[in-house]
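All chains are named by letter (A, B, ...) in the order of the sequence lines, taking the proteins before the strands, and each is independently numbered beginning at 1. Bear in mind that the values here come from a model prediction, so they are computed numbers and not experimental data.
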There are 2 protein chains.
Amino acid sequence: MARATRKIEILHAASKIVSERGIFNLTLEATAIEAGVSKGGLLYHFPSKEALVKGMVDHLAENYRDKIAASVAESTKEKGKWIQSYADVTFNNPYPNKEMHAGLLAAKAVNSDLLDPIRDLYNEWQTKIEQDGIDPVKATIIRLATDGIWLSELFDIHHLGEERKEEVYVKLKNWIDE
Amino acid sequence: MARATRKIEILHAASKIVSERGIFNLTLEATAIEAGVSKGGLLYHFPSKEALVKGMVDHLAENYRDKIAASVAESTKEKGKWIQSYADVTFNNPYPNKEMHAGLLAAKAVNSDLLDPIRDLYNEWQTKIEQDGIDPVKATIIRLATDGIWLSELFDIHHLGEERKEEVYVKLKNWIDE
DNA sequence: GAAAAAAAACCGTCCAGGTAGTATAGTAAA
DNA sequence: TTTACTATACTACCTGGACGGTTTTTTTTC
């Protein structure tokens with residue numbers, strides 16, 4: 001194995017293009033150039049554009065799952081560790097979120113079915129969050145609010161100031177332990 | 001055919017295509033066919049694809065603004081009528097939301113600057129929501145949670161069951177008046 | 001442990017099909 | 001006369017993917 005990283009490099013390149021230049025600029029050639037590989041080389045790893053986008057989504061879903069799981073494993077809380085971890089990771093990790101944004105947009109554009117791994121992820125989390133020792137409705141609201149932050153970052157629609165964002169974060173956190 | 005409606009029909013057709021077939025199928029020809037107009041006719045109203053997408057966003061921003069404003073005007077509440085209206089409209093109006101989804105995705109794909117009218121809208125609402133007689137952090141959380149519903153509908157990621165959605169809605173509503 | 005064979009990783013060009021936008025000539029109604 | 005279109009043809013360009021190579025790495029054989 002020359003290096004399993006080549007595939008990953010290509011996926012990062014693709015995400016970068018979507019983030020910085022938009023989905024219409026995600027072409028095979030542009031991705032190849034960004035990744036420093038030839039078009040043929042790219043097609044060796046991902047035999048079609050759809051395969052490339054599928055690769056993006058699968059990869060980020062796995063990453064995100066691990067990230068949350070690691071945070072949960074570290075937690076010493078008795079109740080609400082899942083929702084706490086979900087909020088922590090989303091509020092404090094701009095980087096994987098950016099890849100997530102790119103992956104979601106690309107998948108939505110190319111073929112909605114490619115979003116299935118994300119759907120699975122959400123279903124898993126929602127189940128965990130609802131069975132985590134706190135009121136499931138409350139937990140769901142916290143999840144939704146966290147997703148709301150996400151939506152505004154995805155479209156750059158309305159950035160809460162850092163201060164207000166922090167206030168929201170603290171209030172949600174306290175609410176978990178109430 | 002009535003005059004002013006043609007442009008709007010074209011915009012609806014464009015939204016429909018984005019919703020049902022994805023952004024890559026939003027071509028000038030497909031839009032013209034869907035709207036029952038010739039390609040030349042479409043280009044008469046919208047001289048470029050970007051102009052078309054701009055039309056989509058401008059139109060839906062205006063619509064949404066009116067919708068919320070109407071709900072606020074109807075409200076008899078003293079406090080929290082803005083956040084209440086925002087939640088009401090978003091939770092209970094699947095239709096304009098669909099157009100919003102299409103417009104957001106199209107604008108994000110074609111040219112992020114086209115999202116400016118939506119940004120203005122959000123800034124206006126956020127200001128109103130924070131100056132509406134209730135704790136601004138609480139109000140912001142409710143807004144975010146409402147946006148969270150939106151996110152999951154946009155990507156069809158995780159549909160809360162109707163029951164849970166209703167529970168969330170009720171809890172948020174009660175929280176406003178607390 | 002070196003040579004040979006096989007597999008994996010990668011290159012770069014070519015092409016058919018599609019798309020935005022232009023051009024033009026004409027029609028119908030207000 | 002202007003506005004609001006229809007219909008068709010055309011251009012200039014881009015893109016996905018096929019294809020036939022080449023190089024690098026791994027495995028097998030002697």
Of the nucleotides [options], which has the atom closest to the [X] side chain?
| X | options | value |
| --- | --- | --- |
| A/Arg6 | D/dG16, C/dC10, D/dC5 | C/dC10 |
| A/Lys39 | C/dT13, C/dC10, D/dA4 | C/dT13 |
| B/Leu43 | C/dC10, D/dC5, C/dT22 | C/dT22 |

### Query
Can you find a heavy atom in the side chain of A/Trp150 that is under 4.5 Å from one in the side chain of B/Leu144?
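Not in contact.
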[N] [atom2] sits how many Å from [X] [atom1], rounded?
| X | N | atom1 | atom2 | answer |
| --- | --- | --- | --- | --- |
| B/Leu42 | C/dT19 | CG | P | 14 Å |
| A/Glu9 | C/dC10 | CD | C1' | 14 Å |
| A/Phe46 | D/dT15 | CZ | P | 20 Å |
| B/Lys7 | D/dA4 | NZ | P | 9 Å |
| B/Leu52 | C/dG21 | CG | P | 10 Å |
| A/Glu50 | D/dG16 | CD | C1' | 13 Å |
| B/Asn111 | C/dA20 | CG | P | 16 Å |

Parallel, tilted or perpendicular, judged at 30° and 60°: which one describes the rings of [X] and [Y]?
| X | Y | result |
| --- | --- | --- |
| A/Tyr86 | A/Tyr122 | perpendicular |
| A/His59 | A/His12 | perpendicular |
| B/Tyr169 | B/Phe91 | tilted |

### Message
So if I take residues 24-38 of chain B and measure heavy-atom distances to DNA chain D, which residues fall below 4.0 Å?
### Response
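By residue number: B/Gly36, B/Val37, B/Ser38.
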### Query
What do you reckon, is NZ of B/Lys128 surrounded by more than 12 foreign heavy atoms closer than 6.0 Å?
no
### Query
Are B/Ile157 and A/Leu115 connected in a single hydrophobic cluster, I mean Ile/Leu/Val/Met/Phe/Trp/Tyr linked by side-chain heavy atoms less than 4.5 Å apart?
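Same cluster: A/Leu115 reaches B/Ile157 through Ile, Leu, Val, Met, Phe, Trp or Tyr contacts under 4.5 Å.
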#### Entry: C/dA9 phosphate, OP1 or OP2, under 4.0 Å from A/Tyr44 side-chain N/O
yes
### Message
Please confirm whether the shortest side-chain N or O distance from A/His45 to OP1 or OP2 of C/dA9 is below 4.0 Å.
### Response
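So the side-chain polar atoms of A/His45 never come under 4.0 Å of the phosphate oxygens OP1 or OP2 of C/dA9.
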### Query
When A/Ile149 is tested against each of A/Leu154, A/Asn97, A/Leu160 for side-chain contact (heavy atoms from CB on, under 4.5 Å), which residue passes?
A/Leu160
